[in-house]
Amino acid sequence: MKIVVIGGSGLIGSKLVNTLRGRGHDALAASPSTGVNSITREGLAEAMDGADVVVDVANAPSWEDQAVLDFFQTSSRNLLAAEAAAGVRHHVALSIVGSERLPDTGYFRAKVAQEALIKASGMPYTIVRATQFSEFAGGIVQSFAVGEEIRASPALIQPIASDDVVAALVDVVLAAPVNGTVEVGGPETMPIDELARRYLRATQDNRKVVPDVHARYFGAVLDDQSLVTGEDARLGAIRFDDWLVRSTAQ
Ligand SMILES: NC(=O)c1ccc[n+]([C@@H]2O[C@H](COP(=O)([O-])OP(=O)(O)OC[C@H]3O[C@@H](n4cnc5c(N)ncnc54)[C@H](OP(=O)(O)O)[C@@H]3O)[C@@H](O)[C@H]2O)c1
């Protein structure tokens, strides 16, 4: 099967391409660094030629509110048009659990807009919504830094290792479109301030963590449901502490 991975050089994309190739599929890593650009459309028609499935795991270079919205809307429109022209049979996109619950965050608004374009396109699709990647923990912790302290929300988070996200994506890519959304999350939830303490301990960072119910997550106030999966979600196998041990050893 020919599978085009848009964002195929990124964290998720590169692992997905390697896994699909290991299973004998013709997986194309498509991104600006390989001459395929979903914004300018450079190389897009050639990449789609003969493709069965397109997986969109691209990410915006800027997360500023308008820039990230423009990126996901323009990119999705260009991809869906090129896929229709090439007769692609399945569009798979990676989104984020709870995006519609956090409209105060520009990045989440952009993911909701991306999802809306896919649903309205008429292209057979599956949207995979994942919780926060364990690999993103450092960025999350730093986003709560105030001076020398980490003032983190105590709302629940459910970190998932990128390897578990990729395993879920592979199963979706190789199955028929569900024309709906599937959720995937980490195997456990924990308060964000607890995740921060574990992360700082593992990375030998002495900063103090203070729980703060008013602390905003990229602009949004959270509750215990904001970032966690619903009932039917697929759960990953890699616990956050095991991921920390593995990643700090590398
Ligand atoms: N971080 C999280 O916790 C989380 C949770 C759930 C879902 N997600 C979603 O997961 C997806 C993948 O994230 P990631 O962390 O794997 O991304 P990443 O490592 O930042 O990689 C981004 C990829 O997008 C590509 N790209 C950028 N501009 C492009 C363009 N104009 N055309 C085509 N490709 C372009 C990059 O290509 P070059 O290297 O060539 O520039 C790169 O391959 C994102 O859509 C994100 O919203 C993230």
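Atoms within each ligand, like the ligands themselves, are counted from 1 in listed order. Source: prediction; values computed, not measured.
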Taking the side chain from [X] and the backbone from [Y], do they hold a donor-acceptor pair closer than 3.5 Å?
X: N78; Y: T40; answer: no
X: E188; Y: F240; answer: yes
X: K111; Y: V97; answer: no

Notebook entry, point to check: Do the side-chain N and O atoms of H90 and T126 include a donor-acceptor pair separated by under 3.5 angstrom?
Noted result: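 Note: H90 and T126 side chains meet the donor-acceptor criterion.
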Where ligand 1 meets [X] - atom numbers and elements under 4.0 angstrom, heavy-atom basis:
X: V57; result: 11 (C), 12 (C)
X: G10; result: 19 (O), 21 (O), 42 (C), 43 (O)
X: A130; result: 6 (C)
X: I12; result: 16 (O)
X: S95; result: 6 (C), 7 (C)

Which residue and heavy atom of the protein sit nearest [atom], plus the separation:
atom: atom 35 (C) of ligand 1; value: P32 CD, 3.3 Å
atom: atom 44 (C) of ligand 1; value: A58 O, 3.4 Å
atom: atom 31 (N) of ligand 1; value: N37 OD1, 2.8 Å

[X] versus ligand 1: do any nitrogen or oxygen atoms come within less than 3.5 Å of each other?
X: L11; value: yes
X: N59; value: yes
X: S31; value: yes
X: I6; value: no
X: T131; value: no

Margin query: Parallel, tilted or perpendicular, judged at 30° and 60°: which one describes the rings of Y107 and F72?
Written below: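 Because their plane-to-plane angle is over 60°, the rings of Y107 and F72 count as perpendicular.
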When you compare the side chain of [Y] with that of [X], does any pair of heavy atoms fall below 4.5 Å?
X: V68; Y: D70; answer: no
X: F71; Y: P61; answer: yes
X: R197; Y: L195; answer: no

Next item on the list: Identify whether the distance between the nearest side-chain nitrogen and carboxylate oxygen of E194 and R198 falls below 4.0 Å.
Entry: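 Looking at E194 and R198, the cut-off is met.
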Give the single entry among [options] that approaches [atom] most closely by any heavy atom.
atom: atom 11 (C) of ligand 1; options: L227, L94, V128; result: L94
atom: atom 46 (C) of ligand 1; options: F71, F133, Y107; result: Y107
atom: atom 25 (C) of ligand 1; options: G7, G185, S134; result: G7
atom: atom 37 (O) of ligand 1; options: S9, G139, G13; result: S9
atom: atom 32 (N) of ligand 1; options: S38, P159, A29, S75; result: S38

Notebook entry, point to check: Under a 4.0 Å heavy-atom limit, does A60 contact ligand 1 with its side chain, its backbone, both, or neither?
Noted result: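 No part of A60 is near ligand 1 at this cut-off.
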Notebook entry, point to check: What part of K111, side chain from CB on, backbone N/CA/C/O, both or neither, has a heavy atom under 4.0 Å from ligand 1?
Noted result: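 Looking at K111 and ligand 1, just side chain atoms fall under 4.0 Å.
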Check: Can K119 be said to sit on top of Y125's aromatic six-ring, NZ or CZ under 6.0 Å from centre and within 45° of the ring axis?
Finding: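 The answer is no; the distance or angle limit is not met.
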Next item on the list: Flag yes if more than 12 heavy atoms outside R41 fall under 6.0 Å of its CZ atom; otherwise flag no.
Entry: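 No, because the 6.0 Å sphere around CZ of R41 holds 12 heavy atoms or fewer from other groups.
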Notebook entry, point to check: Any chance CZ of R89 has more than 12 other-residue heavy atoms, nucleotides or ligands included, within less than 6.0 Å?
Noted result: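 Open: at most 12 neighbouring heavy atoms sit under 6.0 Å from CZ of R89.
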